[in-house]
Asks: 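Quick one: the structure is below, questions incoming.
Values below: every heavy atom of this structure, side chains too, minus hydrogens, waters and symmetry copies. Proteins come first, then strands; the chains are lettered A, B, ... in the order of their sequence lines, and each starts at number 1.
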There are 2 protein chains.
Amino acid sequence: MDAIHAFEHLPHKTIERLSQYRRALLICLEEGKSHIFSHEIARIQHITPVQVRRDLMLIGYSGTLRKGYNIEQLIELIGEIIDSEEMIKVAVMGLGDLGHAILNYFNGKRSKLSIVAGFDVNPKKIGTVFNGVPCYPVEQIQEIINRENISIGIITVPAKQAPVTAGRLIKAGIKGILNYTPTPIQVPEDVYLEEYDMITTLEKLAFYVKLANDKNKL
Amino acid sequence: MDAIHAFEHLPHKTIERLSQYRRALLICLEEGKSHIFSHEIARIQHITPVQVRRDLMLIGYSGTLRKGYNIEQLIELIGEIIDSEEMIKVAVMGLGDLGHAILNYFNGKRSKLSIVAGFDVNPKKIGTVFNGVPCYPVEQIQEIINRENISIGIITVPAKQAPVTAGRLIKAGIKGILNYTPTPIQVPEDVYLEEYDMITTLEKLAFYVKLANDKNKL
DNA sequence: GTAAGTTTGTTAAAAAGTTAACAACGCAAA
DNA sequence: TTTGCGTTGTTAACTTTTTAACAAACTTAC
């Protein structure tokens, strides 16, 4: 009980990294490894070994001296912290290229997180099934979200339609929204929002590439 | 000269936000507005007005008291800071759904950043043109990157192929890589890397939705 | 023309996140 | 043995980022 409460206060960045650690660990497990050192995890994630050890300290996991961390146990523990007990269900709004891309990458790999519905305005897509996910008309959003008990919506519609799509999700009682479009949206306080915009990242990258270039010119 | 040097030391987060401010400002300009208050920008980006003012202070832009910031001027200034003088050219590795999605969202809107080539292994795609971007076979990567003077590569291939794709880009002399796959890659020191993974964000969102749920249950 | 209200620009404080430092431990080699 | 090395766990220092506080300046209302 006390331990559960502690996880509430994990730093946001640690939560992100735990998800990443787990992904890396799953790959290592596949490769037949049973233990891993902090510096190995660190190298994969482009961070320092200290940071890895600190994160693991925060979640109360102990490794073995000179042997590293037990991969299987660590995956298990990370799951206990970041996964939900019940399945968390997700809807994708807009089954264009980006929606499809997400379904592809996601592809039933997460055990406690599952995309169960897609919505689109294109009549040709309605009724089709892509990667096991059926496509519904947006008008049915309220009905499907209630029926399937969907708590997260991913917005992958064209940028201009992001706000109205967000509005629909909010009205339907969604708990969290992941917005992949470059158009920022507004949500009420009780909806958790994650804006995840591709263009910002690219422009930032371009800035630092330019900077490096300019330095080399001197 | 001195002013240019100062921009080198802008906080990373400020660079990100400048890109976002500009995007929001462009929309406001389209809507016919000429000035904007810090709290308006803040609201759009889900941050505080202080943060906006602080960022603008750092880039040395002054607004008008009780009138706000001149949108056109501010867009101009942000461009001077984050854009490169010459066009920065970008290649997309993998023209699947995600590659297409990026081309769609990007779509020639950035004036100083341009996607000029796509690469794929699928023979059916080679030679086609999507959104004005021609698709080449990966074997020609070195040739095209040299010829077009491409400095940034975006990786949108299937996750398993991310590392080998990164290797090809690096060998071809790329300066910056944006990796959209969930598989982390390794780059030498002089290549700027941005990992931009969709699954981490979704898992983080799920965690905070779960947390909110658990709290409500009590 | 004076008071009240807004908004900017800036400095200072606080919070969040990262890195450094190092004790503790245990294995391996001499 | 005992010495040296590699690794963990943890505290403390540092850096980055955000937030608070407030003076200055302009506008409007009275």
Asks: Could you pull out all residues at least two apart from T64(B) that satisfy side-chain contact (heavy atoms from CB on, under 4.5 Å)?
Replies: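 By the side-chain contact (heavy atoms from CB on, under 4.5 Å) rule, T64(B) matches K67(B).
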Asks: Rounded to the nearest angstrom, tell me the gap between atom NE2 in H46(A) and atom P in dG17(C).
Replies: 20 Å
Asks: What integer distance in Å separates E16(A):CD from dA16(C):C1'?
Replies: 13 Å
Asks: Nearest-Å distance, CD1 (I47(A)) to C1' (dG17(C))?
Replies: 12 Å
Asks: Does a side-chain N or O of S38(A) approach OP1 or OP2 of dT8(D) to a distance below 4.0 Å, or not?
Replies: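 Yes, S38(A) has a side-chain N/O under 4.0 Å of OP1/OP2 on dT8(D).
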Asks: How many Å lie between CZ on F37(B) and P on dG5(C), as a whole number?
Replies: 17 Å
Asks: Starting from P on dT8(C), measure out to OH on Y69(B) and report it in whole angstrom.
Replies: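 Interatomic distance, OH of Y69(B) to P of dT8(C): 5 Å.
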Asks: Are any of T64(B)'s side-chain N or O atoms less than 4.0 Å away from OP1 or OP2 of dT8(C)?
Replies: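 Indeed not, no polar side-chain atom of T64(B) lies that close.
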Asks: Among residues at least two apart in sequence or on other chains, which ones pass side-chain contact (heavy atoms from CB on, under 4.5 Å) with T48(B)?
Replies: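 Checked T48(B) against side-chain contact (heavy atoms from CB on, under 4.5 Å); matches are V50(B), Q51(B).
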Asks: Between D190(B) and K175(B), is the closest basic N to carboxylate O distance under 4.0 Å?
Replies: no
Asks: Output one line per pair: protein atom, nucleotide atom from nucleotides 21-30 of chain D, and distance, for all N/O pairs under 3.5 Å.
Replies:
residue	atom	partner	partner atom	Å
dT27(D)	O4'	R66(B)	NE	3.4

Asks: Enumerate the ring-ring contact (aromatic ring centres under 6.0 Å, His included) contacts for residues 38-70 of chain B, please, sequence neighbours excluded, ordered by first and then second residue.
Replies: F37(B)-H39(B)
Asks: Once side-chain hydrogen bond (donor to acceptor under 3.5 Å, both in side chains) is applied, do any residues pair with T183(A), and if so which ones, sequence neighbours excluded?
Replies: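 side-chain hydrogen bond (donor to acceptor under 3.5 Å, both in side chains) check on T183(A) returns nothing, list empty.
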Asks: Once ring pair (Phe, Tyr, Trp, His ring centres under 6.0 Å) is applied, do any residues pair with F119(B), and if so which ones, sequence neighbours excluded?
Replies: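 By the ring pair (Phe, Tyr, Trp, His ring centres under 6.0 Å) rule, F119(B) matches Y136(B).
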Asks: H39(B) NE2 to dT6(C) C1': how many Å, rounded?
Replies: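 Roughly 9 Å, once rounded to whole Å.
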Asks: How close or far is atom C1' of dT7(C) from atom CE of M57(B), stated in whole angstroms?
Replies: 16 Å
Asks: For nucleotides 12-18 of chain D, print each protein N/O atom paired with a nucleotide N/O atom at under 3.5 Å, atom names and distance only.
Replies:
residue	atom	partner	partner atom	Å
dT18(D)	OP1	R17(B)	NH1	3.4
dT18(D)	OP2	R17(B)	NH1	2.8
dT18(D)	OP2	R17(B)	NH2	3.1
dT18(D)	OP2	Q51(B)	NE2	3.0
dT18(D)	O5'	Q51(B)	NE2	3.0

Asks: Test: ring-ring contact (aromatic ring centres under 6.0 Å, His included). Region: residues 198-218 of chain A. Which pairs qualify, not counting sequence neighbours?
Replies: Y208(A)-H12(B), Y208(A)-Y192(B)
Asks: Would you please name every residue forming a ring pair (Phe, Tyr, Trp, His ring centres under 6.0 Å) with Y180(B), sequence neighbours left out?
Replies: Y196(B)
Asks: Measure the shortest side-chain to side-chain distance between L25(A) and I27(A) over non-hydrogen atoms and say whether it is less than 4.5 angstrom.
Replies: no
Asks: Nearest whole Å is fine: how far is dG17(C) P from H9(A) NE2?
Replies: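 Those two atoms, NE2 and P, are 14 Å apart.
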